[in-house]
Amino acid sequence: QEETIKVGILHSLSGTMAISETTLKDVMLMLIEEQNAKGGLLGKKLEAVVVDPASDWPLFAEKARELISQNKVAAVFGCWTSVSRKSVLPVFEELNSILFYPVQYEGEESQRNVFYTGAAPNQQAIPAVDYLAEQEGVERWVLAGTDYVYPRTTNKVLEAYLKGKGVAAEDIMINYTPFGHSDWQTIVSDIKAFGSAGKKTAVVSTINGDANVPFYKELGNQGIKAEDIPVVAFSVGEEELAGIDTAPLVGHLAAWNYFQSVDTEINAEFIDAWKKFTGNDKRVTNDPMEAHYIGFNMWVKAVEAAGTVDTDPVIDAMIGVSVPNLTGGYSSMGPNHHITKPVLIGEIQDDGQFEIVSQTPGLVLGDEWSDYLEGSKDLISDWRKPMSCGNFNVVSGKCGGAG
Amino acid sequence: MSLARTSFTHIVVLVALVVAILAAGLGLARAQTDLKPLVDALGTGDFDSTEEAINGLAASGDPRVADILRALEGRELYLRKDDQTVVRSDGKGREPEIFDPLSGASLGTVKKPVLDRISVNNKIRRAVQAAVGTLTLRSPDADVRRSAALAVLKTREPATIPALDSAIAAETDEAIRTLMVGARGAAVLNSDAPDADKLTAIEEVQGLDARDAMQILTQYAGAPGEVGPAAQAAMDDVKFTLDAWSAAQNVWFGVSLGSVLLLAAIGLAITFGVMGVINMAHGEMVMIGAYVTFAVQELIRTSMPGLFDYSLLIALPLAFLVAGAMGVAIERGIIRFLYGRPLETLLATWGLSLILQQLIRSIFGAQNRQVGNPSWMSGSFDIGLMSITWSRLWIVVFAICVFFALMAVLKKTPFGLQTRAVTANRPMASAMGIRTPWIDAMTFGLGSGIAGIAGVALSQIENVSPNLGQGYIIDSFMVVVFGGVGNLWGTLVGALTLGVANKFLEPYAGAVLGKILVLVFIILFIQKRPRGLFALKGRAIEA
Amino acid sequence: MKEIAEGSLLYLDNVHRAFDGFKAINGLSLVLAPGEMRAIIGPNGAGKTTMMDIITGKTKPDTGDVIFEGKVDLTRHDEAEIANMGIGRKFQKPTVFESHTVADNLELALRARRGPFATLLHQTTKAEFDRIDEILETIRLTARRDWLAANLSHGQKQWLEIGMLLAQEPRLLLVDEPVAGMTDDETAETAALLRRIAKTQSVVVVEHDMTFVRELGVKVTVLHEGSVLAEGSLDAVSSNPKVIEVYLGR
Amino acid sequence: MITQFLLGGLDRRVNVVLALILAVAVVVPVLHLALPPDNPFHVPNYAMALFGKYLCYALLALSLDLVWGYCGILSLGHGAFFALGGYAMGMYLMRQIGPRGVYGDPILPDFMVFLNYKELPWFWYGFDMFWFAALMVVLVPGALAFVFGWFAFRSRVTGVYLSIITQAMTYALLLAFFRNDMGLGGNNGLTDFKDILGFPVQAPGTRAALFAATALALALCFWICSAVTRSKLGKVLVAVRDAESRTRFIGYRVENYKLFVWVLSAMMAGVAGALYVPQIGIINPSEFDPANSIEAVIWVAVGGRGTLLGPIVGAILVNFGKTWFTSALPELWLFALGALFVVVTLFLPKGVVGTVRQFWRERSERKAVAVAPIKPNPEPEPAE
Amino acid sequence: MLQVENINLHYGAAQALKQVSLTAEVGKVTCVLGRNGVGKTSLLRSIVGLKGISAGSIEWEGQEISKLAPHDRARRGIAIVPQGREIFPLLTVKENLETGYAPIARKERYVPETVFDLFPVLKSMLKRRGGDLSGGQQQQLAIGRALVTRPRLLVLDEPTEGIQPSIIKDIGRAIEFLRAQGTMAIVLVEQYFEFARDLADHFAVMDRGEVVLSGAKADMDEQEVRRWMTV
Ligand SMILES: Nc1ncnc2c1ncn2[C@@H]1O[C@H](COP(=O)(O)OP(=O)(O)OP(=O)(O)O)[C@@H](O)[C@H]1O
Ligand SMILES: Nc1ncnc2c1ncn2[C@@H]1O[C@H](COP(=O)(O)OP(=O)(O)OP(=O)(O)O)[C@@H](O)[C@H]1O
Ligand SMILES: [Mg+2]
Ligand SMILES: [Mg+2]
């Protein structure tokens with residue numbers, strides 16, 4: 001039998017996260033297929049090893065271990081939720097392998113074995129808030145999120161940021177809901193009430209996953225128009241919108257690093273390939289898919305540069321690798337294992353797509369340690385030798401955090 | 001499409017007419033300014049310059065402006081890159097036909113890349129609506145006037161006062177008139193009119209609905225002179241009304257949440273409450289109902305779009321039949337071997353629920369599916385300050401209808417009697433001549449079928465995904481048990497109680513803590529009434 | 001009043017209990033002397049079982065006194081406490097522990113300390129074994145010793161329940177229809193057994209079988225609609241026209 | 001007295017199982033540590049972690065079976081005790097990180113630094129000491145179980161009502177632990193452990209030791225359970241399961257009995273959770289998820305409720321199935337697992353162990369009775 | 001006519017009936033006697049179908065019924081008054097009676113007056129739940145319920161258990177009345193010997209799962225029967 005290079009795919013295909021993660025599994029299969037069509041890697045074919053961690057965090061760790069030590073994969077592309085990433089981290093560290101993590105997250109992490117291809121808060125939240133303040137003249141803010149770490153952190157960063165810009169405490173309302181919250185009547189009506197204090201109000205939503213559909217349905221039904229109280233979301237993309245009738249939601253916003261509506265040649269190709277691969281004309285693309293696209297290409301390039309799939313040389317080779325992203329530029333891997341991306345802000349249209357209303361002029365590098373948080377503002381990460389440190393303290397000049 | 005088009009042009013013509021009359025009536029026979037540069041300015045530059053151009057266009061008072069602005073909002077305006085002029089087009093095809101936005105004359109076709117759509121964001125949309133609002137304040141159509149007045153109210157632009165004045169004078173509809181007067185008041189408050197005028201304005205604003213009034217007044221509560229205290233006093237008046245309504249609103253939210261819980265639980269009240277099957281696949285029956293709705297809508301969308309408003313009515317019986325048939329199959333295939341071993345039904349139905357979820361995932365994919373609201377289920381209406389969404393209202397009505405229909409079946413028909421007999425003592429019922437297998441299958445089918453129609457209703461407010469059922473299974477069990485197993489009234493009262501309790505806790509404790517408190521409440525309540533709200537008492541139970 | 005209570009083993013005075021307005025026990029008074037055996041008869045639905053429910057704490061009376069040994073107010077105690085005071089009961093519908101063997105059913109009933117830790121560390125003694133054997137002999141289930149109680153026939157369960165009652169060695173036995181479903185011979189034997197027991201313990205027997213009641217040869221109380229209709233020897237009460245009308249029939 | 005009681009739990013079958021578990025406790029770690037990786041008998045790192053997890057689940061299932069199988073209390077919230085034990089251990093492990101966290105704070109765990117905690121919340125005190133944490137591993141679940149059981153059993157909440165409020169309990173805890181305000185790491189939970197008792201958690205030696213400890217704990221609990229269920233108390237429990245009110249009428253205070261096993265079982269679940277955490281490397285609120293507790297119930301049902309070996313077999317079997325199916329049939333595994341559950345209920349009504357046991361019993365009975373069995377009953381049995 | 005021939009019945013591995021045969025004629029009362037646990041109830045269960053037999057045949061009105069489900073047998077006019085009453089506890093007395101409507105034609109769906117004549121107490125308790133009744137009342141209800149199905153074969157398992165003497169007499173009269181109608185075959189299991197003797201046309205005495213004695217009443221030696229009943 002021909003020798004292959006194995007690539008692990010660690011995305012939930014069942015359970016609550018399957019809604020989001022199955023697509024990522026498919027896109028990985030597509031990318032691998034395309035790479036093989038181009039002749040594989042280092043003269044060998046790539047082989048995808050798919051497992052189902054079933055939205056179950058301990059199972060993620062178990063499956064990661066299995067992929068690395070049983071299947072001997074060269075790298076793993078996977079995880080969505082923060083906790084799933086946290087649960088596999090020790091495994092990747094112990095067994096020294098590579099994980100590509102494609103989803104926007106709360107930051108505050110930089111690990112040698114992980115490459116973060118999704119957005120850090122500075123690549124999504126802050127530009128979005130800036131846009132609303134400048135373009136829409138928003139003065140009053142509702143920070144609504146699901147009660148877990150990503151929204152909590154993002155809201156913390158935003159709160160600090162907004163207060164820094166002179167927003168009064170009573171003009172910020174923070175609201176948390178449980179996972180899978182489905183009855184949004186009260187909260188939407190609270191938002192309505194909060195928005196009727198005469199100042200222009202906007203909602204910054206870090207509501208997660210499934211809860212978005214009933215939330216937007218309720219918004220639509222209670223007649224909250226984007227012109228009155230715009231909602232900007234960080235977890236709502238084309239895939240989520242596919243489940244909603246967007247006609248009443250036109251004008252609500254989302255901030256991402258990629259939209260399907262991005263008008264570039266390379267994106268059009270990607271979309272065509274995707275539709276062909278899935279055999280479904282209606283399938284949409286979204287930001288985490290682009291993240292995998294970038295991550296995978298980066299890995300390919302780094303492997304080619306290193307001439308091997310062994311972990312250590314590849315990790316070293318990754319830094320500085322630069323590949324085209326789908327928005328017409330090049331994304332490159334920073335020494336902190338985060339990548340550079342443009343930040344786009346889009347408004348929902350009635351066809352379920354986003355119209356891009358703002359784009360950062362240049363690329364923004366993901367900031368692993370937020371500048372707006374007390375404990376981390378002095379930290380940086382640089383995995384290049386000789387520093388090789390994920391939490392270097394610029395004040396004390398030592399690796400190993402603030403203390 | 002063509003229909004919309006005619007009514008659209010209809011309005012536009014009328015609007016133009018009205019604006020002309022308005023202009024004439026004011027004796028401001030304005031010179032026909034050249035609009036072309038302003039129109040072209042819509043397309044050049046950033047959002048700010050577009051907004052400026054909109055305001056310029058609105059100020060011209062030209063009858064054609066409303067039409068052009070609507071085209072802008074509808075994303076039908078393009079910038080022709082080669083000569084930097086703005087044209088109108090539907091943008092369809094590779095070489096769309098373009099029109100002059102002012103005259104409407106065709107300008108032939110161009111290649112798509114030459115056109116650059118003028119993008120619109122919320123700010124632009126707002127500006128357009130305000131501008132169109134001012135221009136359509138005297139439309140003969142009352143609805144148009146109402147939305148125009150609302151749009152103007154939002155702007156609070158002093159510049160709209162003259163237009164409002166003349167509109168108020170001509171207005172015959174009392175409600176719209178109050179709205180316009182309020183809008184005028186808001187604009188006056190926002191202007192640098194003398195305090196005396198502003199004090200009248202405060203009174204005028206109070207005529208608006210309390211929330212709008214509050215929104216406007218809060219801004220002047222701190223104003224210097226007499227205006228501030230007057231605004232403050234007015235706010236205090238309004239506040240009471242607001243509070244009263246918000247309590248009412250809360251009750252409504254509670255009832256509506258309760259009815260969702262009721263719908264989700266009611267099928268379980270049969271399969272679990274009456275039959276004693278710990279039916280973990282109940283949620284999947286709900287999910288199947290939702291997917292039936294999806295399939296029906298999909299079919300309608302592709303083959304007979306005209307029927308879309310009837311999609312739910314078509315889906316209801318289908319969902320009942322599909323889920324019911326599924327239930328019968330499950331009962332015949334599995335459950336019937338497990339009577340007298342209730343705990344094992346838990347194991348088997350759990351397995352089934354896994355299978356059903358995966359089945360749906362394999363057929364329809366893991367992603368959410370879009371189920372639309374028919375027109376009679378979308379939007380909301382107001383009762384006083386309470387806004388009631390149609391979808392919720394229909395769900396409440398529907399839940400209650402289902403409840404009473406089921407009640408009638410179980411209490412008033414031989415079938416109901418036999419069901420209860422079979423559940424109580426299967427061998428004895430059989431010896432009495434009751435066809436137990438048939439009754440079992442039908443009862444389980446009925447419970448499942450009802451879960452299916454609950455799915456139709458839930459598809460209107462929830463996301464239709466393979467996980468839909470999982471989200472409701474725990475709540476459903478809580479409701480049935482809280483109400484008292486085997487008692488349908490208990491399920492009704494239990495669902496409503498939990499719904500209302502939840503909604504009253506939520507504003508104080510927040511959604512998360514509120515939910516925790518409701519759970520703790522259930523635990524404590526069961527200590528007081530170990531057999532649920534509507535506990536059956538007496539020897540009969542211990543026997 | 002109280003004086004009577006003092007000398008008595010069981011003392012019920014003017015007890016009432018209604019279920020949804022239906023007066024099941026309606027002014028019932030009854031005094032049982034220590035060491036006495038009493039037969040209670042009365043029509044179906046007269047309240048005999050309900051009376052036992054009240055004595056054993058299963059049902060709380062609406063009003064009235066229920067006093068044990070002249071001092072303990074039974075209405076203030078729960079079933080387990082009452083059982084531990086020495087009141088044992090056989091139910092009308094036999095209830096045994098179906099997944100235990102016949103012997104284990106008896107072992108559980110044997111008089112011993114009832115706390116969780118006491119039972120946890122309990123070691124079955126020789127005396128206990130013997131006692132179980134003896135009871136098995138009495139109830140003629142020696143051959144069924146290791147059968148699961150679930151597999152017994154109706155009548156065998158009746159016997160097992162009687163055996164469990166014996167094992168408890170209570171001071172007061174409440175026996176609800178012990179001979180239902182027994183053959184005439186067994187009935188006679190049960191009567192003899194109860195007479196033997198009554199030498200050391202007090203017994204209240206509810207039964208519809210007049211032959212059996214006659215064999216017991218004790219004072220009879222007739223209950224009707226929740227209160228005492230007549231009291232006296234069997235011959236006396238069975239010639240009471242009222243008793244004949246409502247109970248014995250012609 | 002105690003030894004006598006414990007010895008009462010031993011008989012041939014129990015001895016065999018105990019010996020087996022103890023053998024696993026010794027042999028597996030030895031095979032892992034002593035043999036070179038290319039030896040066919042070498043137990044790979046991956047398998048060690050996996051088996052360790054299975055054994056923790058087995059212990060959880062065993063504790064659940066003690067209350068459910070022997071006392072008829074169907075707990076749909078046992079995962080809560082497991083998770084609490086796990087959190088207690090997790091807190092110890094967090095404190096052991098010391099200044100090695102990403103922020104390098106010597107006292108505060110990372111998530112606290114990051115959420116701007118100024119000092120350690122009071123309930124974190126003491127967890128830097130192993131003995132304290134070890135105590136808490138049993139005391140916290142035990143105390144919760146005691147309070148919960150004290151009220152519920154006294155109020156005579158039984159059957160599904162009890163099951164559902166246990167579910168409400170774990171659900172409420174799930175929501176509470178999700179909150180970052182709880183001071184226990186919110187959704188991400190406790191993670192990034194370094195040392196346990198001074199040994200690095202990821203070192204093969206530690207792993208082997210943890211594995212052995214888990215097997216030992218399982219053996220010990222198995223032994224205790226066996227002694228409890230064979231004692232007279234065990235018989236009372238079964239009596240309570242069959243006819244609760246009848247048990248009262250012969251003088252047993254049912255609530256005390258229930259409370260006793262309930263608390264005992266919660267403590268065992270806590271131990272399982274505590275052993276689970278260092279081997280998995282993370283504890284987060286999803287362990288409180290009602291679905292997890294239901295799954296534990298299912299392990300017991302698959303293995304055979306009311307036997308002590310059953311839950312162990314069931315937990316290992318189902319989880320092994322899960323491990324295997326999720327890799328072999330990642331897109332279809334739910335069909336396989338779901339079908340497994342259905343098939344077990346239909347064809348092995350007493351679970352795997354129960355059915356095997358019944359088979360043996362019937363065989364010996366048949367020999368004893370020596371009456372040729374004739375075809376099985378075509379009609380359903382009357383309800384018992 | 002009911003003809004039970006050589007049936008065997010097992011509970012698991014234990015055999016409860018061995019080669020049992022029994023006949024019951026229309027218009028006659030057949031009494032089954034025997035000590036505790038000899039298999040009387042088991043025999044009745046096998047007749048109405050609550051327990052399957054492992055060998056032998058059961059014929060009713062000329063047709064083999066041993067394979068039929070209980071409800072199909074009920075449709076052929078077989079009704080049982082079970083031992084232990086088996087009332088539906090949560091159904092009201094009225095509903096308990098109405099469960100008997102299932103196997104009969106629509107126009108017959110009413111409670112025959114004889115039921116209330118026999119057991120007047122039921123009439124006054126129609127709205128009470130069956131499970132709340134006293135033991136004896138339940139027994140009366142169980143008999144009433146069986147009569148609602150207008151049975152042609154009535155099987156009674158110790159119907160006098162727990163019933164007050166006057167009503168036992170009434171039940172005796174009722175059985176006589178039913179027999180006198182000549183449309184019904186009656187199988188009666190009794191321990192109460194006098195009662196059985198007064199009613200029986202035929203006897204069958206069982207011991208350890210076997211019929212040890214059977215025949216018409218005239219041919220029976222009371223002493224012999226009693227001997228089988230003693231321990
Ligand atoms: N929980 C209850 N709810 C309603 N009625 C009840 C309840 N318990 C008892 N009764 C009624 O109270 C009356 C007395 O019942 P009880 O069981 O004490 O009679 P009994 O004397 O034991 O009769 P039997 O000889 O038939 O056993 C009956 O009419 C019965 O229907
Ligand atoms: N469900 C069962 N499982 C196992 N064995 C049983 C079962 N029911 C009865 N038996 C056994 O079968 C035998 C016959 O029981 P059956 O109930 O027919 O006796 P019976 O003659 O009706 O006795 P009784 O007069 O006590 O009612 C008995 O020995 C009994 O132990
Ligand atoms: Mg009674
Ligand atoms: Mg019998």
Side-chain angles (χ1 to χ4, degrees), chain C residues 19-22 24 41-50 91-94 139-141 143-144 147-148 150-160 176-177 179-189 206-213 222-224 238 243-250, chain E residues 11-14 16 33-42 82-87 119 121-122 124-125 127-129 132-141 157-158 160-173 189-196 225-231:
Chain C
F19 297 102
D20 305 326
F22 176 83
I41 60 174
N44 294 131
K48 305 177 294 293
T49 303
T50 310
F91 285 82
Q92 183 165 5
K93 178 170 187 270
I139 60 175
R140 279 191 312 281
L141 286 174
R144 302 270 189 262
W147 276 41
L148 289 187
N151 297 346
L152 296 180
S153 81
H154 186 75
Q156 290 164 334
K157 284 181 188 165
Q158 286 270 38
W159 273 111
L160 177 55
D176 203 350
E177 305 201 6
V179 300
M182 285 187 186
T183 59
D184 296 354
D185 266 31
E186 288 172 327
T187 305
E189 219 168 288
V206 167
E207 193 37 84
H208 290 295
D209 186 335
M210 286 307 117
T211 334
F212 172 77
V213 176
V222 188
L223 247 52
H224 179 49
S238 50
V243 175
I244 296 175
E245 188 196 320
V246 300
Y247 184 62
L248 295 171
R250 265 167 261 273
Chain E
Y11 292 104
L33 300 171
R35 284 178 286 114
N36 289 144
V38 294
K40 306 181 295 293
T41 300
S42 306
Q83 191 167 28
R85 305 160 193 130
E86 311 272 336
I87 294 300
F119 311 118
V121 71
L122 294 184
S124 67
M125 296 194 167
K127 290 239 153 14
R128 198 172 305 186
R129 278 182 308 208
D132 287 343
L133 298 188
S134 79
Q137 291 164 341
Q138 289 187 1
Q139 186 70 49
Q140 300 174 22
L141 176 57
D157 200 348
E158 308 198 17
T160 62
E161 191 183 305
I163 293 195
Q164 68 186 78
S166 63
I167 296 182
I168 293 183
K169 287 174 193 159
D170 289 342
I171 293 175
R173 280 179 216 130
V189 164
E190 251 313 332
Q191 303 265 23
Y192 181 20
F193 185 72
E194 265 104 84
F195 182 78
V225 177
R226 278 200 185 267
R227 194 170 61 78
W228 284 109
M229 304 277 287
T230 48
V231 202

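Note: hydrogens, waters and symmetry copies are ignored here, and every other heavy atom, side chains too, is used. Just so we're on the same page: letters track the sequence lines, and every chain starts at 1. Small disclaimer: the values here were computed from a predicted structure and weren't measured.
Side chains of Y247(C) and P43(C) form a contact here, defined as non-hydrogen atoms less than 4.5 Å apart. Between I41(C) and E207(C), the closest side-chain pair of non-hydrogen atoms is not below 4.5 Å.
Taking the charged nitrogens against the carboxylate oxygens, R226(E) and D185(C) have no contact shorter than 4.0 Å, which rules out a salt bridge.
Comparing V38(E), I163(E), V121(E), T160(E) by heavy-atom pairs within less than 4.5 Å of chain C, the highest count is held by I163(E). Contact count against chain C (heavy-atom pairs under 4.5 Å) is highest for Q164(E) among Q164(E), M125(E), E161(E), E158(E).
Q83(E) touches chain C through its side chain: at least one heavy atom from C-beta onward sits under 4.5 Å away, while N, CA, C and O do not. Neither the backbone nor the side chain of V206(C) comes within contact range of chain E, judged by heavy atoms closer than 4.5 Å. At a 4.5 Å heavy-atom cutoff, the contact between Q156(C) and chain E is made by backbone and side-chain atoms alike. Neither the backbone nor the side chain of E190(E) comes within less than 4.5 Å of any heavy atom in chain C.
Residues that satisfy the side chain to side chain donor-acceptor pair (under 3.5 Å) test with Y192(E), not counting sequence neighbours, are absent from this structure. Listed by chain and residue number, nothing satisfies the salt bridge (Lys or Arg N to Asp or Glu O under 4.0 Å) test with E245(C) (two or more places apart in sequence, or in another chain).
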